[in-house]
Each structure stands twice: as C-alpha cells, then as structure tokens.
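Along the sequence shown, the residues carry numbers beginning at 1. Ligands are counted one by one from 1 in listed order, and the atoms in each one are counted from 1 as well.
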Amino acid sequence: MLTLAIESTAHTFGASVVNSKGKILSDIRDMYQTKKEGLEPRKVAEHHKNIGDLIIEKALKDSKKKMKGISFISFSQGPGLPLSLVEGMRFAKLLAKAHKKPLIGVNHICAHLEIGKLLTKARNPVFVFTSGANTQIIAHEGGKYRIFGECLSIALGNALDKFAREIGLGFPGGPKIEQLAKSGKKYIELPYVVKGMDVEFSGIVTHAINLYKKGVSKEDLCYSLQETMFAMLVEVTERALAHCDKNEVLLIGGVAANQRLCEMLNIMCRERKAKFYAVPIKYSGDNAAMIGWQGILEHKKRESFDKIDIKPNWRIDQVETIWIK
Ligand code: ATP
C-alpha cells in the first residue's frame, strides 16, 4: 500500500510518498517566506497554488513510483488557514479524480503525534506539542486524543518569537534565544503563570520586554525566559503523566529543537521513571510525510468524495482514532 500525501495547512506546501510500513519514500517541501511582514493568507495560498504541481511531481519522481502504483491520496484537511487548506484540497481532489484514487482527509495535529510515535517508537506517551501556534499537552485516553492542558493566549513558539522581535533578533526567534540564553548568568524572576493544567505566556513576555527596555541584559532575559516558560510546561506535563498513569513523554513541534527544553523534560521523566522522546528535528515542523503516515493509519476510512471538505477549526479531540486499539 502506497499513499501520495499533500500538506498545506499554513506556510509549507509539501508532498510525500509513504508506504504501509511507514517508510518515507520521498518528502518534498517548500515554505512561503517573507522578509518583513507576517503570513498574509492570500499570499500564502498563492504560493501553494503556484508551487503545488512542481512539488507533487518531484515527490513522485523522488519516490521512483508512478501514479498507477499509488493506492490513495491523503491530504491535510485541518486545522489551518482556510485559503491554504483549500489549495491543498484542490490539488488532492484533482489527482484523486484524474487517477481514480480514493481520497482521505486527515487531521494535521494527529499526524504530528503519529509521526512522532512512528519515528521514536514511543507507544502511548503524553505528548508535549509545542510549535509556533500551538502549545498543548495531549494524551490518548478513553478512545480519543484528549487535550489535558494548553496555552491560554499565545503559544510558546510565538511567545519566544515575540520577545525576539522586540529585542531585535529577527524571526524565528526561538533558536536565537536558545543561543543567547547560554551566555545568561543571572536568573531574573518573571511571572510564572500556571492555571490548573493551562499555561499563560503573554504576561511573561510583556514583563521581559519591559525589563529589557529598562536595560536588563539580553542574555539574562533569554536565559530566565526559557527557564520560566519551560518549567511551566514541565510542571503540567508531570501532572498529566501522573493523572493518565503513563510512562512516556514525547516532545513534538518546532520548539522540540530546543536542547534546554529537552533536558528539563528528560530530568523530570528520569525522576518519575518515565521515558523521554523528542521527534527528530527534520519531522518536527510541517511536512507531508506525516500526512501520508496518518493516511496509511486511516486507510480504511471512506467518505463520499463530494462531501470531503476542509476543516479549518478541527480539534484533535474531535478525531475518531479508529487505528488505535
Ligand atoms: P504551527 O505548526 O503551530 O502552525 P509553525 O508551523 O509556525 O506553527 P513550527 O514550524 O512547528 O511551527 O515551529 C516554529 C516555531 O519553533 C517558531 O516559533 C520557532 O521560534 C520555534 N523554534 C525553532 N527552533 C527553536 C529552538 N531551538 N528553540 C526554541 N524555539 C524554537
């Protein structure tokens, strides 16, 4: 069984061919980039529209497969930017129709979780999903992926990016903050806001920006920001582990590249006799390989072609996890 998969939820348009054993035969991506402004949805969709054919063609070529060998088409149905999702679905529907292949729409967040499991061999972890736009603590309980905690305002990645922008580090800010933090010497107390199982990052960033404007050192602030925000995340992860009685933690999303966050989660896991995993950096960001693997897991799903549509606000707890026994 082989699937050709398409990803287009946000800035990245990707195509990939994946087989039923989880082997990634090709993985082509192109990210919309801008020097100054943020993501303008119309421009992102235009990028996907212009690049789509080329990316799909290259993914097929790299996999050394032909369309006739493809069993079905998978695509990212949501959540995401509506205009970008529409472009991905348009390519997926055109291919499915032209080559008479079934079409399977999958949840993008679920795909992040499942590629993490595939690549790390974690079995039933508590997921710490932390990217630009998402911070969620997720675990599979009672037949569904459930969100045990999340950010109340901005996500961790966006919070780091915002602070970095304000102090002139550019985008993406996370990696630059990580480097500067290594030279930080003094821990500066910042607001530590955990409410139940949720975390709140926006007040911390505002506080840190104000301290920077008063002359506090960049390095000390980067160090303190990381220590404070990561400790909040580790605290709720530890509680989710205890509550769900699980013994694995899997870190996914772009912020998984941060070595200090990995180290802090690892220490907590060791103390609880749990195992810590982080998704390989190559697959931490948006990609179509994870959409392909999710399609393979859901290959038995059939929906009427005309009824398949984008789902921009599709939450993970609304997904029926038919592939998990
Ligand atoms: P989403 O997938 O939620 O729509 P996104 O696609 O922007 O958001 P990713 O590509 O998964 O998110 O991750 C990008 C984020 O990861 C950025 O906020 C970036 O600053 C952050 N990031 C990348 N590397 C590091 C690092 N070493 N330390 C901290 N943050 C990092």
Specify the protein heavy atom at minimum distance from [atom]: its residue, its atom name, and the distance to 0.1 Å.
atom: atom 30 (N) of ligand 1; answer: G174 CA, 3.3 Å
atom: atom 17 (C) of ligand 1; answer: D161 OD2, 3.5 Å
atom: atom 13 (O) of ligand 1; answer: G254 CA, 3.2 Å
atom: atom 28 (N) of ligand 1; answer: N258 ND2, 3.1 Å
atom: atom 1 (P) of ligand 1; answer: S131 OG, 3.4 Å

Give the numbers and elements of all ligand 1 atoms closer than 4.0 Å to a heavy atom of [X].
X: L160; value: 29 (C), 30 (N)
X: H11; value: 5 (P), 6 (O), 7 (O)
X: E178; value: 26 (C), 27 (N), 28 (N)

Please confirm whether [X] comes within less than 3.5 Å of ligand 1 when only nitrogen or oxygen atoms on both sides are compared.
X: G157; value: yes
X: H108; value: no
X: A133; value: yes
X: P172; value: no
X: H112; value: no

### Query
Can you find a non-hydrogen atom of Q259 under 4.0 Å from ligand 1?
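No, Q259 has no heavy atom closer than 4.0 Å to ligand 1.
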Taking [X] for the side chain and [Y] for the main chain, is one N or O donor matched with an acceptor at less than 3.5 Å?
X: T3; Y: V18; answer: no
X: T135; Y: E150; answer: no
X: D220; Y: K185; answer: yes
X: E200; Y: K195; answer: no
X: K64; Y: L25; answer: no

### Task
Select one of side chain, backbone, both or neither to describe which atoms of D286 lie under 4.0 Å from any atom of ligand 1, heavy atoms only.
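It is the side chain that touches ligand 1; the backbone stays farther off.
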### Query
Is V255 touching ligand 1 with its side chain, its backbone, both, or neither, if touching means heavy atoms under 4.0 Å apart?
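The answer is both, backbone and side chain.
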### Message
Minimum distance, heavy atoms only, to atom 12 (O) of ligand 1: which one of S284, C262, P175, G132 is it?
### Response
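That would be G132.
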### Task
Check the pair E235 / R239 against salt bridge (charged side-chain N to carboxylate O under 4.0 Å, His left out), numbers first and verdict last.
CA-CA 6 Å; E235 180 190 327; R239 274 196 274 138; 2.8 Å; yes
### Query
Do the charged groups of R90 and E87 touch, with an N to O distance under 4.0 Å?
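Result for this pair is yes, salt bridge flagged.
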### Message
Between R260 and E263 (salt bridge meaning N to carboxylate O under 4.0 Å), is one present in this structure?
### Response
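So R260 pairs with E263 through a salt bridge.
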### Message
Checking N19 now: which residues fulfil side-chain hydrogen bond (donor to acceptor under 3.5 Å, both in side chains) with it, not counting sequence neighbours?
### Response
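For N19 there are no side-chain hydrogen bond (donor to acceptor under 3.5 Å, both in side chains) partners, ignoring immediate neighbours.
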### Message
Exactly one of E141, K246, H140, E248 should register a side-chain hydrogen bond (donor to acceptor under 3.5 Å, both in side chains) with N124. Which one does?
### Response
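The side-chain hydrogen bond (donor to acceptor under 3.5 Å, both in side chains) with N124 is passed solely by K246 among E141, K246, H140, E248.
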### Query
Can you check side-chain hydrogen bond (donor to acceptor under 3.5 Å, both in side chains) on S76 and T9, steps first, answer last?
CA-CA 7 Å; S76 205; T9 51; 4.8 Å; no
